[in-house]
Number of protein chains: 4
Amino acid sequence: MNLASSNEKRPHKLKDDLRSVAQKAILASAEKVFAEQGLRATVETVAKRAGVAVGTLYNYFADREALLVALLEDRSSEIARRLDHALDVAGKKPFAVQLTAYFNAVLEHFDEHRAFLSIVMQCENEQALREKKSTTKRTLRTLSTHAERLVAFGVKSGALDHDDADLHATIVLGLIRGVVHRHLQNQKSGPLAPLAPRLTRFFLAGAGK
Amino acid sequence: MNLASSNEKRPHKLKDDLRSVAQKAILASAEKVFAEQGLRATVETVAKRAGVAVGTLYNYFADREALLVALLEDRSSEIARRLDHALDVAGKKPFAVQLTAYFNAVLEHFDEHRAFLSIVMQCENEQALREKKSTTKRTLRTLSTHAERLVAFGVKSGALDHDDADLHATIVLGLIRGVVHRHLQNQKSGPLAPLAPRLTRFFLAGAGK
Amino acid sequence: MNLASSNEKRPHKLKDDLRSVAQKAILASAEKVFAEQGLRATVETVAKRAGVAVGTLYNYFADREALLVALLEDRSSEIARRLDHALDVAGKKPFAVQLTAYFNAVLEHFDEHRAFLSIVMQCENEQALREKKSTTKRTLRTLSTHAERLVAFGVKSGALDHDDADLHATIVLGLIRGVVHRHLQNQKSGPLAPLAPRLTRFFLAGAGK
Amino acid sequence: MNLASSNEKRPHKLKDDLRSVAQKAILASAEKVFAEQGLRATVETVAKRAGVAVGTLYNYFADREALLVALLEDRSSEIARRLDHALDVAGKKPFAVQLTAYFNAVLEHFDEHRAFLSIVMQCENEQALREKKSTTKRTLRTLSTHAERLVAFGVKSGALDHDDADLHATIVLGLIRGVVHRHLQNQKSGPLAPLAPRLTRFFLAGAGK
DNA sequence: GATGAATGAGATTTCATTCAT
DNA sequence: CATGAATGAAATCTCATTCAT
């Protein structure tokens with residue numbers, strides 16, 4: 001009965017692993033390729049870069065769009081996890097600390113997945129994707145949702161001025177957009193995360209009481 | 001009756017006018033269509049919306065990309081003119097006034113050509129364009145070029161802190177990106193130009209000495 | 001006003017004609033190709049045989065299936081017209097005459113569009129098509145609908161025995177199926193229409209009172 | 001305990017049995033699937049329905065077509081056996097009895113393998129198959145071969161009229177086609193075999209002297 | 001010039017077949 | 001042998017561009 005108790009808990013563990021390895025490779029390739037060549041990049045290019053045949057890609061993703069959505073969701077959930085964790089750690093600390101944690105988390109993620117935000121920015125303007133599943137829409141809004149929550153706390157805790165409350169989240173996101181965009185345009189490659197404290201300082205000076 | 005009048009005094013003026021009427025209609029259509037449907041929109045869609053046949057479109061623009069470039073250049077030159085004029089009028093006035101003029105000019109242009117910035121944002125992420133004609137690149141950089149010039153003046157005139165000088169232009173652009181983006185995402189439709197003074201106040205509080 | 005009354009009634013008559021010429025050529029090609037090579041035949045083959053490019057085919061038919069459906073409908077409406085006319089002419093004449101007219105109309109159509117019935121027979125077994133639009137289903141049932149109407153008249157007029165009434169239509173169709181099928185299998189090419197009286201005689205002997 | 005018993009007396013029998021179990025399952029699945037979804041059904045679908053992996057299917061059949069041919073041959077040989085037996089039993093009895101036996105045998109087979117004739121009908125129209133292996137062709141002609149033999153006897157024995165001799169076999173097959181087809185189109189599910197006497201009566205009335 | 005059907009290169013997608021586990 | 005992921009040739013479909021009218 002327990003003949004093979006050691007390695008038989010999940011009969012297909014190995015295969016499952018392989019499966020997810022290929023899937024991850026394809027997603028990683030898609031991330032690179034879509035970022036480098038824009039959303040125009042072909043499915044074949046993505047497959048080749050991942051080191052698999054086209055058919056293999058279609059074993060994992062129903063169609064081109066499913067691939068894109070999967071990529072957005074996977075990376076978004078990662079950034080969401082990172083943000084949740086960061087804000088969780090920042091816990092009861094003052095708003096300034098939390099804001100820095102937010103900037104830091106986003107920028108760190110970007111430093112590691114440089115390509116991803118570039119794709120998000122492209123997708124945001126693709127009406128097609130915006131209109132589709134609300135899942136995609138929600139995915140694309142991960143950043144802003146967190147930002148809104150954060151500034152709501154900032155206002156409640158008295159750290160933020162009440163007057164421009166409606167602009168707060170917009171500006172937080174704008175600051176990120178600004179630095180990310182500069183980064184994508186210039187090929188300069190230093191990490192962005194270190195900018196977090198400066199963005200916080202700027203934001204607080206502008207928005208603080 | 002006045003059939004002949006046109007080809008006496010101004011032999012080609014009428015033709016030119018007619019030409020530019022069709023051309024303008026096509027550009028306007030392209031602006032709408034690319035903004036609504038993304039850069040994937042087809043040439044045929046653009047032509048139909050402009051009320052002309054595809055063939056006609058190709059009489060005015062060498063190919064699809066030429067159409068896009070022409071659109072970018074036309075609208076950019078318009079925004080450049082507007083910015084030049086705004087900053088010209090603001091002349092020797094203090095930096096705060098000039099900055100407000102800048103924000104105001106950009107946002108006014110956006111209010112009139114809502115679709116345009118959406119397209120610019122899409123193009124910025126299309127590496128394809130980045131690599132190609134430097135004309136296009138320059139076009140896309142109209143906004144940032146002016147912003148850089150502006151903050152350089154701000155620093156020189158002592159209005160801006162020296163510490164974060166490198167971030168100034170990035171943040172000015174980020175603020176614009178922020179509000180424009182919020183506008184595109186939500187369907188809210190009030191004009192953006194009125195936000196100019198608030199953005200200025202915010203920026204100065206954050207970046208001013 | 002009536003400057004060009006002679007040839008200006010329908011401004012785009014010529015183009016429309018050309019259009020339908022191409023469409024007809026494609027349908028004719030599809031008929032041949034699907035009959036010769038089976039439903040597996042490729043869209044490209046159909047296009048080439050019609051002397052047009054694939055893209056042209058797709059200008060007229062939304063997709064492969066639409067082409068097939070259009071073919072079935074076009075030819076079915078033709079056979080329906082023929083049947084209606086035949087039975088109309090046979091008018092108040094006795095059942096035997098009407099039945100002969102039916103057989104004759106169907107077999108004549110087959111003699112002229114040999115390929116078509118072969119395709120119908122293939123489609124009848126394609127569950128996919130059967131399940132789709134009821135239009136298709138109705139199209140495929142043109143023959144049996146008319147047969148049912150005919151034998152109903154036969155029974156009412158007292159020409160047909162009442163006992164096997166339920167089988168009548170089935171057998172009429174079976175007889176057609178039989179001769180058509182034999183024809184398709186052997187490459188013998190004589191016309192089938194002359195068989196009509198013999199089929200009638202056979203049917204009446206078997207089913208008549 | 002009886003592990004060894006198998007490889008003593010009948011060294012390979014068990015293996016053969018097992019083999020044929022899988023093989024039969026695959027053929028049965030193919031019969032269902034091809035009948036339900038048409039000949040376009042995928043190999044994978046057939047394998048899954050049979051409860052095996054695609055690879056396993058390919059262990060038993062060289063390729064997709066070999067599977068189809070095997071199916072046709074297997075079922076045809078069964079129907080041939082059944083027909084031979086039926087006509088053998090009907091032996092020296094009058095033609096009417098033999099014809100009923102024929103109809104009965106065919107329709108009984110169809111009642112048990114409802115799907116099969118649907119497949120045969122599809123294959124008959126696939127020129128591809130017609131051109132290929134004569135084995136397939138012969139297989140598909142099992143029914144008509146027997147029918148031809150039968151009516152030849154009918155004519156010789158004086159039961160059938162001589163005039164329409166050339167149509168006899170065609171009509172016998174047509175009658176079968178008719179009822180089978182009606183059955184496939186309507187979802188009515190009563191057995192067909194009971195129709196045998198009525199078909200005989202009809203045929204004899206029509207074709208008998 | 002204006003038109004829009006025709007074109008065909010190229011993108012997406014499918015699926016029979018292979019092969020490492 | 002059984003498995004099912006990987007493969008890539010071949011099919012379907014799209015769309016920028018041309019050109020006869």
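Just so we're on the same page: letters track the sequence lines, and every chain starts at 1.
- Here F/dT17 presents its P atom at 5 Å from CG of B/D63, a figure rounded to the nearest Å.
- For E/dT17, the OP1/OP2 oxygens have a side-chain nitrogen or oxygen of D/Y58 closer than 4.0 Å.
- Following rounding to the nearest Å, A/R40 (CZ) and E/dG10 (C1') show an atom-to-atom distance of 14 Å.
- Base pairing analysis places E/dT3 opposite F/dA20; the two distances defining the Watson-Crick or G-U wobble pair are each below 3.5 Å.
- The CZ atom of D/F61 sits 16 Å away from the P atom of E/dT18 (whole-angstrom rounding).
- One finds a salt bridge joining D/K48 and D/E44 here, because a Lys/Arg side-chain nitrogen approaches an Asp/Glu carboxylate oxygen to under 4.0 Å.
- Between the side chain of A/S29 and the main chain of A/A25, no donor-acceptor pair closer than 3.5 Å is present.
- Each of E/dT13, E/dT7, F/dT7 was ranked by its minimum atom distance to the side chain of A/V54; first place goes to E/dT13.
- Distances shown here put a side-chain N or O of D/T56 below 4.0 Å from the OP1 or OP2 atom of F/dT3.
- A straight line from CG of C/N59 to C1' of F/dT18 spans 14 Å, rounded to a whole angstrom.
- Taking atom CD1 of B/I26 as the reference point, atom P of E/dT3 lies 9 Å away to the nearest angstrom.
- In this structure, B/E44 atom CD and E/dT3 atom P are separated by 13 Å, rounded to whole Å.
- Across all strands shown, E/dG10 forms a Watson-Crick or G-U wobble pair, both distances under 3.5 Å, with F/dC13.
- The interatomic distance linking C/Y60 (OH) with F/dT12 (P) rounds to 20 Å, in whole Å.
- Atom CD of C/E65 is separated from atom P of F/dA11 by 19 Å (rounded to the nearest Å).
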